[in-house]
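One structure is given here, and the rest of the page talks about it.
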Amino acid sequence: MLRLVVRRLLQLIPTLLGLSVLLFLWLNRLPGGPASAILGERATEAEVARINRALGLDQPLHVQYGRFLKRIFELDLGTSTQTGQPVWDEFVLRFPATVELSLAAILIAVAVGIPLGYLAARRRGGWLDVAAVSGSLVGICIPVFFLALLLKGVFAVNLGLFPTFGRLTTGLDATSVTGFAVFDGILTGEFDASWDAIMHLVLPALALSSIPLAVIVRMTRASVLEVLGEDYVRTAESKGLERRTVRGRHILRNALLPVVTAVGLLTGSLLSGAVLTESVFSFGGIGSFIRTAIDARDYPVLVGFIMFIAMVYVLINLLVDLAYSVIDPRVRVH
Amino acid sequence: MPAFKSRAVKVITAAVAVGLVATGCASERDKDGDKGGDKDTFVFGAPGDPGSLDPALASDGETFRVTRQAFEALLEHESGGSELVGGLAEKWSSNPEGTVWTFNLRQGVKFHDGEAFNAAAVCANYEHWFNWKGTYQSSAVSYYWQTIMGGFKANEDKETPKANYKSCTAKDENTAVIEVNEPSANLPGGFSLQALAIHSPKSLEEYAKQDATAKGDAITYPEYSQVAGTVAGTGPYRIMKWNKGNKEVSLERFDDYWGDKAKVKNLVFRTIDTEEGRRQALQAGDIDGYDLVAPADIKTLEGAGFNVPTRDVFNLFYLGMSQEKNPALKKPAVRQAIAHAIDRENLVKTQLPEGGKVATQFMPDTVAGHSDKVKQYPFDTAKAKSLLAGAKEEDLSLDFCYPTEVTRPYMPAPQDLFELMKADLERAGIKLTPKPMKWAPDYLDATEAGSCSLHMLGWTGDFNDGYNFIGTWFAGYDKQWGFKDPKVFAAVKAGSVEADPAKRTELYKKANEAIMEYLPGVPLSSSPPAIAFGKNVNPPNVSPLTQENFAEVSFK
């Protein structure tokens with residue numbers, strides 16, 4: 001097991017190096033640079049040249065890349081050209097919000113998706129099955145961005161049940177320990193702050209959960225249907241085992257294997273879905289920050305973020321493999 | 001599986017317990033009614049985050065909107081207008097050459113940190129800026145200082161402009177004298193800029209400690225400018241907290257303020273990135289006001305009882321032409337044909353909010369130097385066609401760049417404005433290739449580099465001087481326009497070095513006439529940008545320079 005972990009971690013290095021080269025070339029091909037974003041309408045040629053020189057963007061690409069690599073080894077991601085603050089600090093400030101949002105979304109997707117998929121399979125052809133299958137189709141088809149706007153329009157603006165934007169109500173003086181607002185509130189005993197954070201999370205998390213929820217429902221359903229037809233389930237049932245045991249140990253445990261893989265990968269993809277959802281709700285996470293970074297051609301932030309996402313993907317894959325071996329001991333043997 | 005079951009039960013019980021406790025707390029909190037409309041707190045929805053809490057390092061409106069409530073400059077603009085009035089200086093005067101500026105300072109003014117305001121404090125600020133080194137000399141950081149005062153005591157880059165600032169002397173406790181080397185059109189207007197607002201000497205000492213740590217490579221804003229605590233001005237509010245994660249800057253009324261005290265105790269600026277998001281937040285009662293209202297929303301909001309005052313006109317929207325990109329545009333007849341082809345009346349009537357005006361020159365009519373004698377190019381499609389024929393350009397085809405996903409105070413809906421002009425130009429027989437682009441940086445880069453034959457842009461003035469408009473565009477060769485005309489350049493320059501305001505106004509009039517005779521582009525319109533407030537809000541006087549003073553806000 002340890003060898004697996006170490007090997008996978010070592011694989012990170014060439015992956016990230018390759019990605020960083022591609023990123024540099026891609027960014028270099030993009031039209032425009034940060035200078036005009038900084039200067040706005042009054043950018044003149046001379047001003048742009050001066051700023052590019054100050055940011056080191058006038059130097060050849062390999063020099064810029066070399067400087068970037070050197071900084072990476074020093075664990076320094078550079079300075080954001082939008083905010084003038086170290087990229088690392090910006091990430092630390094904003095990642096908790098996005099992670100919290102993504103976790104809430106995946107939690108909704110798993111908590112609703114697995115039971116729903118299971119029930120749909122067990123009552124195949126029934127009204128619940130039809131509803132789940134067609135509902136999940138809608139969930140996959142509707143763009144997250146549109147769903148976010150819809151939820152906000154109905155539940156926040158018209159009905160006033162939820163706040164329209166942000167992570168916490170304006171002026172609410174909550175203590176920040178970890179940056180995870182819900183968790184911080186519990187940690188410091190400020191339960192009203194936790195509740196406030198949850199109310200702010202509901203709509204964006206619902207919007208963000210739509211695709212993973214739909215995928216999980218469909219996968220669980222298909223997987224359970226497959227397992228239901230297996231001999232061992234029939235054997236278990238004919239042996240007269242308790243229904244709960246059959247469901248838990250025989251059906252769900254085996255059916256969940258592919259679902260676990262999917263949940264892992266979906267969690268990674270949520271980070272990109274968060275870019276639009278956070279913008280709709282002005283959520284203050286990394287998602288809306290990246291959107292403005294793209295507008296401002298904030299290279300250090302973009303490179304740092306994409307490298308980070310790549311790392312998260314590799315790590316999630318690793319965790320998925322580990323989880324797999326816990327659920328299905330056969331994986332460990334092979 | 002008894003172990004599994006009991007664990008699950010525990011987890012669910014815990015979750016329910018947390019939920020119940022939290023719900024209890026929430027209902028208590030709701031009784032306090034702190035959902036935006038709180039009488040003690042005014043929440044304003046800003047389109048973007050500020051960049052820094054030290055306005056001297058900034059050049060963007062979102063930073064100034066926040067810092068303006070806490071920092072005051074020597075001069076200000078009258079509330080709701082564009083005339084210069086006393087700020088921290090009650091009176092000011094200059095020698096006839098316009099090189100020695102004397103300020104009689106207001107007495108009994110205190111900084112937020114308890115320090116006294118006096119002439120020494122004023123000079124400490126100007127000397128602080130003049131002595132900037134390293135990163136601070138980058139125009140991305142000290143844009144406004146360089147625009148108004150030139151360079152620094154020791155310029156580190158040969159392209160940094162020569163210093164025009166000479167010295168600041170505290171003649172006595174309440175008289176500060178600032179000397180410059182050459183007269184400049186940017187004075188006295190520049191003394192009113194938020195970037196030259198006065199900070200407490202104690203803060204400056206702290207700022208200076210961080211000067212030395214600034215590196216020349218990347219532009220990193222110093223820590224003091226990112227965290228409330230060090231910065232101290234003299235304004236009606238003081239900055240208490242900048243919660244970046246929650247995109248929120250909180251200010252509190254300064255009770256020792258020398259002038260009229262702020263009517264609302266707490267002022268919060270919350271960033272809401274999208275225009276639609278800000279409107280919805282106002283409609284839902286989560287905020288009490290916001291800026292950059294889409295013209296299409298004005299009627300809806302007013303109909304629902306919201307206050308949507310429009311500011312006086314202080315901007316200019318134009319159609320730019322790039323002569324280097326397309327040689328046909330070098331022919332005066334072609335440029336004139338384009339000017340005649342566009343129905344500006346219709347553009348203003350159908351696309352701009354009420355109060356919008358047709359522009360006859362590159363300056364709104366509220367600025368001294370606006371001339372009644374400029375050459376006019378009225379809408380006349382037939383004339384446009386005959387001018388093109390005369391220039392042998394009947395088959396003229398041009399690319400026309402316009403920005404997407406952006407709203408500017410002078411340009412409310414770029415795509416719609418583009419469509420109108422396209423139809424007008426095509427009616428005159430000009431073939432157009434539309435080139436939509438993302439505002440930043442694509443569009444800004446393309447227009448700055450002069451790579452579009454036609455483009456649309458504009459400008460909102462910083463202060464009431466003609467050079468702030470025409471000097472921005474026509475002081476010399478600029479790739480955006482791609483022409484060299486000594487007559488135009490000389491006319492613009494003449495005004496910028498004239499110390500006597502009356503003579504300067506005359507020179508600007510001449511400059512406007514020369515520009516419109518040459519016709520480098522087509523000035524289109526000036527429009528009044530709207531700002532929205534909640535139904536229960538008495539709004540501040542709205543400012544043509546978008547310099548609202550939120551101390552004037554109160555709840556009904």
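Here is the naming used below: chain letters follow the sequence lines, and residue numbers restart at 1 for every chain. It should be emphasised that the depicted structure is a prediction, and the values quoted were computed from it without experimental measurement.
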Report task. Could you look at A:Leu159 and say if it's the side chain, the backbone, both or neither that has a heavy atom under 4.5 Å from chain B? Result -> neither

Query raised in the report: If you take all heavy atoms of B:Ala284 and A:Ala156, which pair is closest and at what distance?
Result: CB-O, 4.0 Å

Report task. Let me know if B:Asp273 has heavy atoms under 4.5 Å from chain A in its side chain, its backbone, both or neither. Result -> both

Report task. May I ask you to check whether over 12 heavy atoms, not counting those of B:Lys265, lie within 6.0 Å of atom NZ? Result -> no

Requested in this report: Against chain A, label B:Ser225 side chain, backbone, both or neither, depending on which of its atoms sit under 4.5 Å from a heavy atom there.
Outcome: neither

Requested in this report: Side chain from CB out, backbone as N, CA, C, O: work out which of these in B:Asn266 comes under 4.5 Å of a heavy atom of chain A, or both, or neither.
Outcome: neither

Query raised in the report: Got a second to check how far B:Asn246's CG is from A:Ser176's OG, nearest 0.5 Å?
Result: 10.0 Å

**Report entry** Atom group of B:Glu223 that falls short of 4.5 Å from chain A, counting heavy atoms
**Finding:** neither

**Report entry** Closest approach of B:Lys244 to A:Leu93 (non-hydrogen atoms, all atoms of both residues)
**Finding:** CB-CD2, 3.3 Å

Query raised in the report: Side chain, backbone, both or neither: which part of B:Gln226 has a heavy atom under 4.5 Å from chain A?
Result: side chain

Requested in this report: Apply side-chain contact (heavy atoms from CB on, under 4.5 Å) to the pair A:Phe165 and B:Lys247, showing each step before the final yes or no.
Outcome: CA-CA 11 Å; A:Phe165 69 95; B:Lys247 295 154 142 319; over 6 Å; no

Report task. Provide the closest heavy-atom pair for B:Glu276 versus A:Leu149 in the form atom of the first, atom of the second, distance. Result -> OE1-CD2, 3.9 Å

**Report entry** Reported OG1-to-CD1 distance for the pair A:Thr164 and B:Ile287, which is rounded to 0.5 angstrom
**Finding:** 7.0 Å

**Report entry** Among the listed options A:Lys152, A:Glu190, A:Arg94, A:Arg291, the residue most often paired with chain B at heavy-atom distances under 4.5 Å
**Finding:** A:Lys152

Report task. Using a cut-off of under 4.5 Å on heavy-atom pairs, state which of B:Asp157, B:Asn243, B:Thr274 scores highest against chain A. Result -> B:Asp157

**Report entry** Residue B:Tyr477 excluded, over 12 heavy atoms near OH under 6.0 Å
**Finding:** yes

Query raised in the report: Is it the backbone or the side chain of A:Thr83 that comes under 4.5 Å from a heavy atom of chain B, or both, or neither?
Result: backbone

Query raised in the report: Do other residues, nucleotides or ligands put more than 12 heavy atoms under 6.0 Å from A:Tyr65 OH?
Result: yes

Requested in this report: Can you measure from CD (B:Glu248) to CG (A:Leu168) and round to the nearest 0.5 angstrom?
Outcome: 8.0 Å

Requested in this report: Evaluate whether atom CZ of A:Phe155 has more than 12 neighbouring non-hydrogen atoms of other residues, nucleotides or ligands under 6.0 angstrom away.
Outcome: no

